[in-house]
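Remember, it's 1-based here, ligands and their atoms both numbered in the order they're listed. Source: prediction; values computed, not measured. Note that these values count all heavy atoms, side chains included, but never hydrogens, waters or copies made by symmetry.
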Amino acid sequence: MYSRIAGTGRCLPDNIVTNADLEKRVDTTDEWIRTRTGIRRRHIVDGETTGDLCEGAARAAMEAAGIGPEDVGLIVVGTTTPDQVFPNMGCLLQARLDIHGCPAFSIEAACTGFIYALSMADQFVRDGKAKYALVVGGETLSNIVDWSDRGTCVLFGDGAGAVVLEASEEAGILSTHLHADGAYKDLLYFPSGVGSGFDRLREGKDFVQMRGNEVFKVAVNTLGGIVEETLEANKMTKSDLDWLIPHQANIRIINAIARKLNMPMERVILTIEDHGNTSTASVPMALDVAVRDGKIQRGDVMLLEAFGGGFTWGSALVRY
Ligand code: UT7
């Protein structure tokens, strides 16, 4: 028994913030942002919550899969910006969707959250514990970014992406590969939580911290390693891949990985220009864009990869 992707969906807030808008807020230029990151605009919430975005993406994926609430046997949500500390985002989404009784949980693995969630859901389906699993990555990092810090505020956007996995005799998810190394915890983090700095958190004085240049170097090396690990595990070569669906953090990181895979950029799904870095939402949203555009066809082999705070990193090799 395997799992396969039965449907995909995404949800973005309507409000768009362009590089020109940011030029008015911080000491930056459209040219710097475009050439250093590849970003032109990003969607930013205007009152919506992570739960709102996750619900929109989940409903779209369920519709695409042709299933109703009663069919869902598992809900896994990747997010680091949940609506509440608890109940977890999976349960909150479950209530919104009028689904009852199935396991529902969230995974906090920063930008790799969706890949972690996909891997967990794949195990459940393979074990026969769920016929249909709803897997979501949703984030509203704009709420915890310092809008006066040009080093971070130009990078991030909000959104959610989702897939429905279904039990199948044909292999859809061919393999998943998850890694983490907490030794890098000080390069990309949000400082406070319930256990420390709670006052600063309550006062809204804590923001995402990133040593971008150092993160960049580790990301390129680490992602280079995991794409090789993924191909080796499946006894495949670079030429067996039809598509690369990378985490959309920086176009220069994506270019480096595409070069390593000898992959022409036409075979790389890019949303960074319009979405910015949406953390855990970036891979499922890019997948949904490419599926709905008709680029990715049934039978195509795609490599999904992500890297984020923790550090965490992971990949999935998927036959669509
Ligand atoms: O999604 C999770 C993983 N995250 C990532 O993978 C992000 C990885 N890092 C990056 O994408 C890049 O490091 C950044 C886009 C964040 C920064 O690009 P960079 O080429 O590494 O720039 P830098 O941090 O080395 O800064 C270069 C210069 C600095 O000025 P000086 O010191 O050379 O005078 C910065 O102060 O650019 C300056 N700078 C800016 N200038 C205009 C930094 N941010 C801006 C800005 N506008 N927004």
If we number the atoms of ligand 1 from 1 as shown, the ones under 4.0 Å from a heavy atom of Leu188 are 2 (C), 3 (C)

Tell me, with the steps shown, if Leu303 and Ser315 meet side chain to side chain contact (heavy atoms under 4.5 Å, CB included).
-> CA-CA 7 Å; Leu303 176 59; Ser315 66; 4.2 Å; yes

Which residue and non-hydrogen atom of the protein lie closest to atom 25 (O) of ligand 1, and at what distance in Å?
-> Asn213 ND2, 2.8 Å

Does any non-hydrogen side-chain atom of Glu55 lie less than 4.5 Å from one of Leu97?
-> yes

Test applied, side-chain hydrogen bond (donor to acceptor under 3.5 Å, both in side chains); reference residue, Glu139; option that passes from Thr79, Asn277, Thr278 | Thr79

Number the atoms of ligand 1 from 1 as they appear, then name those within less than 4.0 Å of a heavy atom of Val154, with their elements.
-> 48 (N)

Heavy atom of the protein closest to atom 4 (N) of ligand 1 (residue, atom name, distance) | Val215 CG1, 3.8 Å

Is the closest N or O pair between Gly212 and ligand 1 shorter than 3.5 Å?
-> yes

Do ligand 1 and Asn277 have nitrogen or oxygen atoms that lie under 3.5 Å from each other?
-> yes

Report the nearest protein non-hydrogen atom to atom 47 (N) of ligand 1: residue, atom name, distance rounded to 0.1 Å.
-> Thr28 OG1, 2.7 Å

Going by distance alone, is a donor N or O of one side chain under 3.5 Å from an acceptor N or O of the other, for Asp274 and Thr271?
-> no

From the options Thr50, Val45, Thr280, Thr81, select the one residue that forms a side-chain contact (heavy atoms from CB on, under 4.5 Å) with Leu141.
-> Thr81

Can you tell which of Glu31, Arg36, Glu23, Arg150 gets a heavy atom nearest to atom 20 (O) of ligand 1?
-> Arg36

Within one Ile-Leu-Val-Met-Phe-Trp-Tyr cluster: Val135 and Tyr132, side-chain cutoff 4.5 Å = no

Indicate, as side chain, backbone, both or neither, the part of Trp32 found under 4.0 angstrom from ligand 1 when only non-hydrogen atoms are considered.
-> side chain

Under 4.0 Å from a heavy atom of Arg252: give me the atoms of ligand 1 that qualify, with their elements.
-> 18 (O), 19 (P), 20 (O)

Among Ile39, Asn250, Leu22, the residue with a heavy atom nearest to atom 14 (C) of ligand 1 is Asn250

Any donor-acceptor pair under 3.5 Å linking the side chain of Gln94 with the backbone of Cys102?
-> yes

According to the interplanar angle, ranging from 0 to 90°, do the rings of Tyr184 and Phe311 count as parallel (below 30°), tilted (30 to 60°) or perpendicular (above 60°)?
-> parallel

Which of the atoms in ligand 1, numbered in the order shown and given with their element, are less than 4.0 Å from a heavy-atom of Ile253?
-> 6 (O)

The side-chain contact (heavy atoms from CB on, under 4.5 Å) partner of Leu317 among Ile173, Leu304, Asp240, Asn234 is Asn234

State whether any protein heavy atom lies less than 4.0 Å from atom 9 (N) of ligand 1.
-> yes

Which atoms of ligand 1 have any heavy atom of His247 under 4.0 Å away?
-> 1 (O), 2 (C)

Compute whether any side-chain donor of one residue and acceptor of the other, for Ser3 and Asp122, lie under 3.5 angstrom apart.
-> yes

Output the list of atoms in ligand 1 that are nearer than 4.0 Å to some heavy atom of Cys111, sorted by atom number.
-> 1 (O), 2 (C)

Examine ligand 1 and decide if any of its atoms is less than 4.0 Å from a heavy atom belonging to Ile33.
-> no

A student checking ligand 1 against Thr37 at a 4.0 Å heavy-atom cut-off should list atoms 15 (C)

Given the protein's heavy atoms, is any one of them under 4.0 Å from atom 31 (P) of ligand 1?
-> no

Numbering as shown, the atoms of ligand 1 that approach Ala249 to under 4.0 Å (heavy-atom distance) = 1 (O), 5 (C), 6 (O)

Give a yes or no on whether the backbone of Ser142 and the side-chain of Trp147 come within a donor-acceptor separation of less than 3.5 Å.
-> yes

Considering only heavy atoms from C-beta outward, does the side chain of Val77 approach that of Cys54 to under 4.5 Å?
-> yes

Return a yes/no value: protein heavy atom under 4.0 Å from atom 36 (O) of ligand 1?
-> yes

